[in-house]
Amino acid sequence: MESYGALLKEARLAQGLDFETISRDTSITRQYLEALEAENESFFPGAPYLVGFLRNYATYLGLDTDRINNLYRAKMLQESPVPAGLIIKHRPKWIIPAIVAGCVLVLGLITFGIILLYQQYINNPEREIALKKTAEPSKYELTDKLLKERLYRGDQLVLGMPTGNIILTVAETAKGVLALETPVGKQFVELSEEMEMDVDGDSVPEMIVYVSDVSANDSDRGAEVSIMLKSSANSAIAETKPSEIPNAEDLPQSHTVIFEDNRPYPFTLNVTFRAGCVFRFRPDRKETTEDFFSNGDIVNVTASNMVRLWASNGNTAKIQLIADGKSYDLGVSKAGEVIAEDIRWIKDTDGKYKVVIVQLD
């Protein structure tokens, strides 16, 4: 089949014409002339533009414009899609059974999905979390062991300090943040953040808080946290039980009374070092802690019943006992003297409870 574009090009080349000359004579830009020869119909803004340029170009080259126009229309007709109404579509015999089988399969998958989602809902830990939030607030005592719990608004943490227990309250567990209400104000720990927290404003962090999970918008889900104390001296102070206090006559060694009261209660030793000293202590029945301390170091030891301590040079350690808001200076030993003693509660024969110093061999 003849091509109108080819006829245009052959006529132009036969006459030795270039696009610049034709464009100047016909006022048709070179790009449109090249598009006509290339039969690039999509280059034109519309069919009327193409037909008008094609007629003028053919006339300029001396070609039969009707023939050129017919070739263009024949090309357009050949490239046009066949009307849908002229195409006879035969439906395969298997199409209806396939549709039915597909519907049954889809229905089965939907049913399976509903069952699976229901089982996940029943076993969903977040659902258990949502149920737990309706319970009463919990209270956790911070000890030497790592505390790993999911905390909710209203839950409390008990932190032992030399001056007594500090209560930290969970204020918020949402927006990706855990908020704790402390004596120095509300403190925030973001999701996946590990934060050293100072809760009493003395510029010394008492504990490390890590948040591993907290909701972005649902405070009822709580926050999964891990809390570790910076020092064993910050463990929550247990109540002193009179039943665990020994009688004075049961002590094999002699003792020196520091103070007495009608009831026993926790006390704290504040040890300040003036020079190098190896110092060892064990509050109640906890593990023994030993380290070398130098000038300016301070150690706080809190106990419910007793503290056993040992120092390589008692002259370097100034010991102060704090109990019930009062302080007692235990003095300083001689230079080079080794300290080995228990500081503990006893029940004397007069019915009074007394804190005494028991020298050890």
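Side-chain atoms are counted along with the backbone in the values below, which use heavy atoms only and exclude waters and symmetry mates.
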Quiz item: At their closest point, which heavy atom of P283 faces which heavy atom of T302, and how far apart are they?
Solution: CB-O, 3.6 Å
Quiz item: Considering residues at least two apart in sequence or located in another chain, which fulfil the side chain to side chain donor-acceptor pair (under 3.5 Å) criterion with R282?
Solution: none
Within the distance-only criterion (no hydrogens, no angle test), does the side chain of [X] pair as donor or acceptor with the backbone N or O of [Y] below 3.5 angstrom?
X    : Y    : result
T173 : S219 : yes
D64  : D66  : yes
T240 : P264 : no
R274 : N315 : yes
S23  : F19  : no
D213 : A223 : no
E149 : V225 : no
D18  : T21  : yes
D218 : S215 : no
Q187 : D198 : yes

Answer with yes or no whether the hydrophobic clustering places [X] together with [Y]; edges join I, L, V, M, F, W, Y residues whose side-chain heavy atoms lie under 4.5 Å apart.
X    : Y    : result
L7   : L17  : yes
V51  : L63  : yes
V338 : I343 : no
F281 : V278 : no
M197 : V211 : yes

Pair [X]-[Y], side-chain donor/acceptor within less than 3.5 Å:
X    : Y    : result
T288 : R280 : no
Q320 : D329 : no
N270 : T268 : no
N217 : K175 : no

Quiz item: Parallel, tilted or perpendicular: which fits the ring planes of W345 and Y265, with parallel below 30° and perpendicular above 60°?
Solution: perpendicular
Quiz item: With sequence neighbours left out, what residues match E193 under salt bridge (charged side-chain N to carboxylate O under 4.0 Å, His left out)?
Solution: none
Quiz prompt | Carboxylate-amine/guanidinium proximity below 4.0 Å for K75 and E41 | solution = yes
Quiz item: Going by heavy atoms in the side chains, are V356 and T256 under 4.5 Å from each other?
Solution: no
Quiz item: Can you list the residues that meet the side chain to side chain contact (heavy atoms under 4.5 Å, CB included) rule with P45, with sequence neighbours excluded?
Solution: Y32, Y49
Exercise. Quickly, which of K354, K352, K347 forms a salt bridge (charged side-chain N to carboxylate O under 4.0 Å, His left out) with D350? Name it, please.
Key: K354
Practice problem: Linking directly or through intermediates, with side-chain heavy atoms under 4.5 Å: list the remaining ILVMFWY members grouped with V177, chain and number order. | Solution: F188
Practice problem: Go through the steps for S42 and N40 under the test side chain to side chain donor-acceptor pair (under 3.5 Å), then give the verdict. | Solution: CA-CA 6 Å; S42 62; N40 183 9; 2.9 Å; yes
Under 3.5 Å, sequence neighbours excluded: what are the donor-acceptor pairs made by side chains of residues 52-61?
| from | atom 1 | to | atom 2 | distance (Å) |
| --- | --- | --- | --- | --- |
| N56 | ND2 | G52 | O | 3.4 |
| Y57 | OH | E37 | OE2 | 2.8 |
| T59 | OG1 | R55 | O | 2.8 |
| Y60 | OH | D25 | OD2 | 2.7 |

Practice problem: Check ring-ring contact (aromatic ring centres under 6.0 Å, His included) between F292 and all other residues, then give those that pass, not counting sequence neighbours. | Solution: none
